[in-house]
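Structure record follows, encoded as structure tokens.
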Amino acid sequence: MAYVSENVMLYGDFTARQNLDFFTKLGGRKDATDDDYEQVMQRVGLQSDAYRRRVKGFSKGMRQKLGIAIAIMKDAEVILLDEPTSGLDPKSGAEFLELLSELRSENKAIWMTTHDIFRAKAVADRVGIMTGGNLVRILSRDELLEADLEKIYIDYVSQPADQSCAP
């Protein structure tokens with residue numbers, strides 16, 4: 001299992017490559033090569049000039065990409081993502097959705113928390129809506145294709161906390 005938080009915590013004085021190497025080895029993978037590191041950084045959309053730069057100068061989006069690269073290098077079967085598109089520009093967000101599709105085709109289970117219901121609708125097999133700390137609705141892929149997810153979400157979060165909406 002791998003976890004990528006909204007605010008990825010990395011070593012600022014390390015380069016992207018050093019962070020990737022450190023966390024990959026910490027996760028138990030000892031056989032990664034320089035080529036593996038370069039390929040995964042390229043795969044997540046980090047510019048090649050960033051590989052050898054200290055992370056303390058990275059934007060939030062660049063830190064997110066490096067966090068996702070670390071999760072990929074761990075080769076985890078399950079990837080937990082907390083607001084993974086936070087800090088990503090629209091182009092990077094679209095590239096991220098493509099990456100999620102690739103990971104899904106590699107049989108990775110992806111659990112993602114997000115407030116970005118439009119991206120969730122675009123990539124999810126299922127979407128759960130939470131309000132007041134409770135899961136109040138789950139929509140399947142088929143339901144998502146036909147649903148006005150924004151309206152459904154607003155209807156649920158607009159209800160007083162002590163009322164429940166019927167699915």
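Numbering of residues begins at 1 and proceeds along the displayed sequence.
Rounding to the nearest 0.5 Å places CG of Asp148 at 9.0 Å from CG of Asp155. We find the CG-CD distance between Leu46 and Glu38 to be 11.5 Å, quoted to the nearest 0.5 Å. Between atom CG of residue Leu103 and atom CD1 of residue Ile110 there is a gap of 5.0 Å, rounded to the nearest 0.5 Å. In this structure, OH on Tyr3 lies 14.0 Å from CD1 on Ile79, to the nearest 0.5 angstrom. We find the CG-CG distance between Leu139 and Leu145 to be 11.0 Å, quoted to the nearest 0.5 Å. In this structure, Asn107 CG and Glu77 CD are separated by 9.5 Å, a value rounded to the nearest 0.5 Å.
Between Ile70 and Leu20, the closest side-chain pair of non-hydrogen atoms falls below 4.5 Å. At a threshold of 4.5 Å between non-hydrogen side-chain atoms, the residues Glu6 and Lys60 count as touching. Side chains of Leu100 and Leu81 form a contact here, defined as non-hydrogen atoms less than 4.5 Å apart. Between Glu146 and Asp142 the shortest side-chain heavy-atom distance does not fall below 4.5 Å. Side-chain atoms of Leu144 and Val127, non-hydrogen and from C-beta on, do get closer than 4.5 Å to each other. Counting heavy atoms from C-beta outward, Met130 and Thr113 have side chains that stay 4.5 Å or more apart.
Leu135 and Ile129 are members of different hydrophobic clusters when ILVMFWY side chains are connected at heavy-atom separations under 4.5 Å. Linking Ile, Leu, Val, Met, Phe, Trp and Tyr whenever their side-chain heavy atoms come within less than 4.5 Å puts Met41 and Phe22 in one cluster. The hydrophobic cluster containing Met1 does not contain Leu26, counting ILVMFWY residues as joined when their side-chain heavy atoms lie under 4.5 angstrom apart, directly or transitively. Both Val4 and Leu97 sit in one connected hydrophobic cluster of ILVMFWY residues. Membership requires side-chain heavy atoms under 4.5 Å apart, directly or through other members.
Under the 3.5 Å distance criterion, the side-chain polar atoms of Arg63 are left unmatched by any main-chain donor or acceptor of Phe58. The main-chain N or O of Gly128 is never found under 3.5 Å from a side-chain atom of Arg137 such that the two would form a donor-acceptor pair. Put simply, the side chain of Arg54 gets close to the backbone of Asp13: a donor and an acceptor are under 3.5 Å apart. Checking side-chain atoms of Gln64 against main-chain N and O of Pro84 turns up a donor-acceptor pair under 3.5 Å. Within the 3.5 Å criterion, the main-chain N or O of Val136 finds no donor-acceptor partner in the side chain of Asn134. In terms of modelled atom types and a separation under 3.5 Å, the side chain of Arg104 and the main chain of Val123 share a donor-acceptor contact.
When all heavy atoms of Ala2 and Ala76 are compared, the closest pair comes out as N-CB, 3.6 Å. For the residue pair Val8 and Gly67, the shortest heavy atom distance occurs at CG1-CA, 3.9 Å. Arg53 and Gly57 make their closest contact through NH2-O, 4.1 Å (heavy atoms, listed as atom of the first residue, atom of the second, distance). Considering all non-hydrogen atoms of both residues, Glu150 and Ile117 come closest at CA-CD1, 3.4 Å. Scanning both residues, Ala147 and Ile152, for their nearest heavy atoms gives CB-CD1, 3.6 Å. The minimum heavy-atom distance between Glu95 and Lys65, with the atom names listed, is OE1-NZ, 4.4 Å.
Between Lys121 and Asp116 there is no salt bridge, since no side-chain nitrogen of the basic residue lies less than 4.0 Å from a carboxylate oxygen of the acidic one. Comment: Arg119 does not engage Glu83 in a salt bridge, judged by the lack of any side-chain N to carboxylate O separation of less than 4.0 angstrom.
More than 12 heavy-atom neighbours from other residues, nucleotides or ligands sit within 6.0 angstrom of CD on Glu102. The neighbour count for Arg126 CZ, taken as heavy atoms of other residues, nucleotides or ligands under 6.0 Å away, does not exceed 12. Atom OH of Tyr11 has 12 or fewer heavy atoms from other residues, nucleotides or ligands within 6.0 Å. Glu106 CD: more than 12 foreign heavy atoms inside a 6.0 Å radius. Annotation: Phe14, atom CZ; neighbour count of heavy atoms from other residues, nucleotides and ligands within 6.0 Å is above 12. Counting non-hydrogen atoms of neighbouring residues, nucleotides and ligands closer than 6.0 angstrom, the CD atom of Gln42 reaches no more than 12 such neighbours. Within 6.0 Å of atom NZ in Lys30, more than 12 heavy atoms from other residues, nucleotides or ligands are found, so the atom counts as buried in its surroundings.
Thr33 and Asp36 form a side-chain donor-acceptor contact under 3.5 Å, judged by distance and modelled atom types alone.
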- Task: Would you check, one step at a time, whether the test side-chain contact (heavy atoms from CB on, under 4.5 Å) holds for Phe23 with Leu10?
- Result: CA-CA 9 Å; Phe23 287 106; Leu10 302 164; 4.1 Å; yes
- Item | Step-by-step side-chain contact (heavy atoms from CB on, under 4.5 Å) determination, Val55 to Arg17 | CA-CA 9 Å; Val55 171; Arg17 167 66 173 74; over 6 Å; no
- Message: Run the side-chain contact (heavy atoms from CB on, under 4.5 Å) test on Thr24 and Tyr37 for me, step by step, so that the C-alpha distance in whole Å, both residues' side-chain angles and the decisive distance to 0.1 Å come before the verdict.
- Response: CA-CA 10 Å; Thr24 298; Tyr37 292 134; 3.8 Å; yes
